[in-house]
Amino acid sequence: MTQNDSLADMLYMYAASAYTLKKAFNTKVAMVTDSGFASILSDLPMPYDYVTTELDDLRADPRWWAAPKFHIFRKYSEQYPWMLQIDTDVFFWEPMMIGTHVDLLTQSIEHGKIFDDSYKAPVKFFQQKLEGLGLTPKDYFPWRPDLLTALNCGVVGFKDPLHALFYATQAMQLCDVMTPYLDEFDEKIPLKKRLGSAMVVPEQYFLQCYASAHNMQVAYVSTKFEHGIPRHYDPSDYYHAMADKQKPKVRRKFRDYVIQSQPELHRAIMRSAYGGL
């Protein structure tokens, strides 16, 4: 696959995600990015209501790949109550109703083998470093190394914007504290036990710690609320591409969806320097 084809794949995927979100939630969708990617989007009729390049000014080790999410929650949560942060490879195929009693909406809970493979060793590493620094007391930030679950952050929304602000601020503090140890983390934690990054701890595991510390009512995308009563989603209602987006068949589906739903965008991508498939 050529570089241009890779970029075209990404554009189709992002467009399909934004388009399905607008339909499912009947709301505006924004892209927070840097000037490099924004310049690409400016040449195409992408389905975003607005694009901001404020990530140019974000100062964080690039290995903290969720730092932009923390930035967004800290900056926008009070301006846009019940704002949802959604990964660009998440798709909603039909409208979703959220009960008003829910404090926190996340994509799913992760436990069992997923927890063992993704979180166990990284959490232990963080715990040892925090204990050595004397930074585990609850007055610094919630930390529950006894928890054996994490919350998938492909979709995250807080009912109370102050919770969004506090969670993101404390998560970024955790990143700042651990930044000097990232090289050591990369050396000590086998790749298969960290899925390529320490980021799962301050983002997804810490969200579980935060929710537990504040006794939050958590709902998952895998549950639909109708009149306050939860029922399970059909798996076809939403989709998080994650690793599947590397598969040619999945990438073709992104393209085909855009051809059907946004033919003008498809034609623009095909005419552009970003290439076709």
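At a threshold of 4.5 Å between side-chain heavy atoms, the hydrophobic network of Ile, Leu, Val, Met, Phe, Trp and Tyr places Ile259 and Met46 in two separate groups. Each of Ile114 and Leu148 belongs to its own hydrophobic cluster when Ile, Leu, Val, Met, Phe, Trp and Tyr are linked at side-chain heavy-atom distances under 4.5 angstrom. No single ILVMFWY cluster, assembled from side-chain heavy atoms under 4.5 Å apart, contains both Leu84 and Met242.
Side-chain atoms of Asp49 come within 3.5 Å of backbone N or O of Val29 as a donor-acceptor pair. Of the possible donor and acceptor atoms, none in the side chain of Thr33 sits under 3.5 Å from a partner among the backbone N and O of Thr53. Judged purely by atom type and a 3.5 angstrom limit, Gln85 uses its side chain to pair as donor or acceptor with the backbone of Lys69.
Taking the six-membered ring for Trp and thresholds of 30 and 60 degrees, Tyr167 and Phe206 have nearly parallel ring planes, at less than 30 degrees apart.
The two residues Leu207 and Thr106 have their closest heavy-atom pair at CD2-CG2, 3.8 Å. The two atoms that bring Cys209 and Leu147 nearest to each other are CA-CD1, 3.9 Å, heavy atoms only. Among all heavy-atom pairs drawn from Tyr210 and Pro142, the shortest one is CD1-CG, 4.1 Å. Closest approach of Ile269 to Ser272, counting heavy atoms only: O-OG, 2.8 Å. Nearest heavy atom pair, residue Thr149 against residue Phe115, reads N-CE1, 3.6 Å. Shown here for Pro180 and Val177, the closest heavy-atom pair between the two residues is CD-O, 3.3 Å.
How far CE of Met199 is from CH2 of Trp65: 6.0 Å, rounded to the nearest 0.5 Å. Within the model, atoms OH of Tyr257 and CD of Gln262 stand 7.5 Å from one another, a figure rounded to the nearest 0.5 Å. Note that CG of Asp9 and CZ of Arg252 are 10.0 Å apart. Values are rounded to the nearest 0.5 Å. Here the CD1-CD distance, from Ile189 to Glu184, works out to 9.0 Å after rounding to the nearest 0.5 Å. Once rounded to the nearest 0.5 Å, the distance linking CD of Gln170 with CZ of Arg74 reads 11.5 Å. Of the inter-residue distances, the one linking His71 atom NE2 with Glu54 atom CD reads 3.5 Å to the nearest 0.5 angstrom.
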Given the rule in the salt bridge (Lys or Arg N to Asp or Glu O under 4.0 Å) test, do Arg63 and Asp183 qualify, once you have shown the distances and angles that lead to the verdict? CA-CA 10 Å; Arg63 285 172 287 187; Asp183 289 340; 2.9 Å; yes
Going through the distances and angles, do Met13 and Lys245 end up as a side chain to side chain contact (heavy atoms under 4.5 Å, CB included)? CA-CA 8 Å; Met13 178 181 67; Lys245 61 193 172 190; 3.8 Å; yes
Derivation and outcome, side chain to side chain contact (heavy atoms under 4.5 Å, CB included), residues Phe158 and Met83: CA-CA 7 Å; Phe158 293 85; Met83 173 188 70; over 6 Å; no
Stepwise side chain to side chain contact (heavy atoms under 4.5 Å, CB included) test for Asp244 and Tyr239: CA-CA 10 Å; Asp244 286 347; Tyr239 172 57; 3.1 Å; yes
Please lay out, stage by stage, how Leu44 and Leu265 fare under the test side chain to side chain contact (heavy atoms under 4.5 Å, CB included). CA-CA 6 Å; Leu44 300 169; Leu265 172 60; 3.9 Å; yes
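Counting non-hydrogen atoms of neighbouring residues, nucleotides and ligands closer than 6.0 angstrom, the NZ atom of Lys253 reaches no more than 12 such neighbours. By the neighbour-count criterion of 12 heavy atoms within 6.0 Å, atom NZ of Lys22 is densely surrounded, having more than that number from other residues, nucleotides or ligands. Taking a 6.0 Å sphere around CD of Glu264, one finds it holds 12 or fewer heavy atoms contributed by other residues, nucleotides or ligands. Heavy atoms of other residues, nucleotides or ligands lying less than 6.0 angstrom from CG of Asn26 number 12 at most.
In summary, the side chains of Gln260 and His266 do not present any donor paired with an acceptor at a separation below 3.5 Å, with no hydrogens or angles considered. No side-chain donor from either of Gln204 and Gln208 sits under 3.5 Å from a side-chain acceptor of the other. Between Tyr119 and Glu110, the side chains place a donor N or O and an acceptor N or O closer than 3.5 Å (distance only, hydrogens not considered). Side-chain atoms of His240 and Asp89 include a donor-acceptor pair closer than 3.5 Å.
Inter-residue side-chain proximity for Phe73 and Phe166 is flagged as unmet; no heavy-atom pair is nearer than 4.5 Å. Between Ser118 and Tyr205, every side-chain heavy-atom pair lies at or beyond the 4.5 Å cut-off. No side-chain heavy atom of Asp87 sits under 4.5 Å from any side-chain heavy atom of Val155. Side-chain atoms of Asn152 and Ile109, non-hydrogen and from C-beta on, never get closer than 4.5 Å to each other. Between Ile86 and Gln107, every side-chain heavy-atom pair lies at or beyond the 4.5 Å cut-off. Contact annotation: the side chain of Val51 never approaches that of Val32 to less than 4.5 Å [non-hydrogen atoms, C-beta and beyond]. With contacts defined as side-chain heavy-atom distances shorter than 4.5 Å, the pair Leu11/Phe37 qualifies. Here the side chains of Trp143 and Leu130 are in contact, with some heavy-atom distance below 4.5 Å.
Looking at Phe254, Tyr12, Tyr238, Tyr19 one by one, the single match for ring pair (Phe, Tyr, Trp, His ring centres under 6.0 Å) with Phe91 turns out to be Phe254.
A salt bridge links Asp117 with Lys113: the closest approach of a Lys/Arg side-chain nitrogen to an acidic carboxylate oxygen falls below 4.0 angstrom.
Each side-chain hydrogen bond (donor to acceptor under 3.5 Å, both in side chains) pair with one or both residues in residues 34-46, not counting sequence neighbours, appears once here: Ser35-Asp56, Asp43-Tyr274.
Scored by the ring-ring contact (aromatic ring centres under 6.0 Å, His included) test, His111 finds no partners at all (sequence neighbours excluded).
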